[in-house]
Amino acid sequence: MTPQAMTPRHLTLDAGRQAYRESGEGPAIVLLHGISSGAASWAPLAPYLAGYHLLAWDAPGYGDSQPLAAAEPTAADYAARLDAWLDALGIERCVLVGHSLGAMMASAFAARRPERLAGVILADPALGYRAADAAKRDSVYRSRWTLLAEQGHEAYAAARAPRLLRDGADPADVARVREGMRRLHVGGFAQASWMLANDALEGYVPGGLPVPAMVLCGDEDAITTPEASRALAERLGLPYRDIPRAGHASYIDAPVAFAAVVAAFAGPLLAPSTRTRERTTP
């Protein structure tokens, strides 16, 4: 099925311009991309989640979104912007899907505003390197944005894009990932890299998430591996699902399977409660 368009939009928050894409109507599913991506990357999911209002942001410093004020932000800083964006959109309750670095943001948001969430999916989750030694943290921080600055967008995207997908990935999927990398801004990329290097997902939810949640991962993910993701699920007491024949960008490699897991998780959580139906029945 051909990916349907997710309409580009923006609004102005107190912190500045916030760009996003949306499609569909119904209960809200909010999509947070990873460190090398953007809102447009979620388009392959849209045809398979047609009964939902999909909202995919360009994280601060990505696309046309205003960067965060902090030069060295934490996931909590991204969660605060997410909170302001959802306020502006009037989204009172949603399922939050955080992919890779977006999973760190989703965990920080769950700690900040659990009452706003029906549930959280941590997809191919990045864990963060806050507990690593200083040399490792510095290496992680400089491993991406410095290459982008030195090599330029075209060379960086050509070299990096295939790594996010399974071996033998569809050329159209590789092109989608590559196009997202071409849109990266060095400044926003550097801020996100700082967060990855110096923060930690589990620091926000040490006792587990305060809302229904699950972990999923592409079974060919070589970046945030199935083994690491399964271990995270065990530590947090969460269910785990593999996405077959999918690499790190599992929702691009296998949108049908990914969407099926999202729908099965989100459907019961976002359905009107029996009590609500009883109140509205004449």
Side-chain angles (χ1 to χ4, degrees), residues 18 20-21 28-42 44-45 49 52 54-63 65 68 73-83 85-86 91 93-114 116-128 164 180 188 191-193 195-196 199-205 208-218 221 223-224 228-230 232-233 235-236 238-241 243 246 248-252 255 258-259 261-263 265-266 269-270:
Q18 178 60 52
Y20 62 101
R21 297 192 179 218
I29 296 178
V30 176
L31 307 167
L32 309 181
H33 63 79
I35 193 169
S36 298
S37 193
S41 68
W42 293 100
L45 282 191
L49 291 170
Y52 295 93
L54 301 184
L55 290 157
W57 79 343
D58 278 310
Y62 285 72
S65 293
L68 294 170
T74 65
D77 294 314
Y78 289 90
R81 175 72 71 84
L82 178 59
D83 203 11
W85 176 53
L86 294 180
I91 302 298
R93 192 164 179 266
C94 66
V95 163
L96 190 58
V97 181
H99 177 257
S100 193
L101 194 71
M104 292 177 65
M105 300 173 192
S107 298
F109 188 82
R112 175 188 175 95
R113 291 295 303 274
R116 187 162 235 165
L117 295 175
V120 174
I121 294 176
L122 306 177
D124 306 270
L127 303 183
L164 270 64
Q191 285 182 308
S193 296
M195 190 262 273
L196 174 64
D199 208 349
L201 183 154
E202 290 173 86
Y204 294 96
V205 289
L209 275 85
V211 298
M214 69 174 300
V215 178
L216 59 81
C217 185
D221 187 340
I223 296 175
T224 58
S229 297
R230 193 177 295 111
L232 173 68
R235 291 194 299 273
L236 297 180
L238 299 178
Y240 173 83
R241 285 286 301 275
I243 303 296
H248 183 62
S250 55
Y251 63 96
I252 296 176
F258 191 102
V261 174
V262 172
F265 175 80
L269 298 173
L270 292 173

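None of the values given here were measured: they were computed from a predicted structure.
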Return the [atom1] to [atom2] distance between [X] and [Y], rounded to the nearest 0.5 Å.
{"X": "Leu238", "Y": "Ile121", "atom1": "CG", "atom2": "CD1", "value": "11.5 Å"}
{"X": "Leu32", "Y": "Asp58", "atom1": "CG", "atom2": "CG", "value": "11.5 Å"}
{"X": "Arg116", "Y": "Cys94", "atom1": "CZ", "atom2": "SG", "value": "7.5 Å"}

4.5 Å side-chain heavy-atom contact, [X] and [Y]:
{"X": "Leu236", "Y": "Leu209", "result": "yes"}
{"X": "Trp57", "Y": "Arg21", "result": "no"}
{"X": "Pro125", "Y": "Leu201", "result": "yes"}
{"X": "Leu122", "Y": "Ser107", "result": "yes"}
{"X": "Val97", "Y": "Ile29", "result": "yes"}

Do you know which two heavy atoms are closest between [X] and [Y], and how far apart they sit?
{"X": "Val211", "Y": "Pro114", "result": "CG1-O, 3.5 Å"}
{"X": "Thr224", "Y": "Cys217", "result": "O-SG, 3.2 Å"}
{"X": "Ala56", "Y": "Ala39", "result": "O-CB, 3.3 Å"}

Verify, without hydrogens or angle tests, whether [X] (side chain) and [Y] (backbone) share a donor-acceptor contact under 3.5 angstrom.
{"X": "Asp199", "Y": "Leu196", "value": "no"}
{"X": "Ser37", "Y": "Gly34", "value": "no"}
{"X": "Ser100", "Y": "Gly102", "value": "no"}
{"X": "Tyr78", "Y": "Met104", "value": "no"}
{"X": "His99", "Y": "His248", "value": "yes"}

field: Trace of the side-chain contact (heavy atoms from CB on, under 4.5 Å) decision for Leu117 with Val95
entry: CA-CA 6 Å; Leu117 295 175; Val95 163; over 6 Å; no

- prompt: Is there a donor in the side chain of Tyr251 and an acceptor in the side chain of Asp124, or the other way round, less than 3.5 Å apart?
  reply: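 There is no such pair (donor and acceptor under 3.5 Å, judged by atom type) between the side chains of Tyr251 and Asp124.
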
task: Indicate whether any N or O donor in one side chain lies under 3.5 Å from an N or O acceptor in the other, for Ser65 and Tyr20.
output: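 Checked: Ser65/Tyr20 side chains show no N/O donor-acceptor pair below 3.5 Å.
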
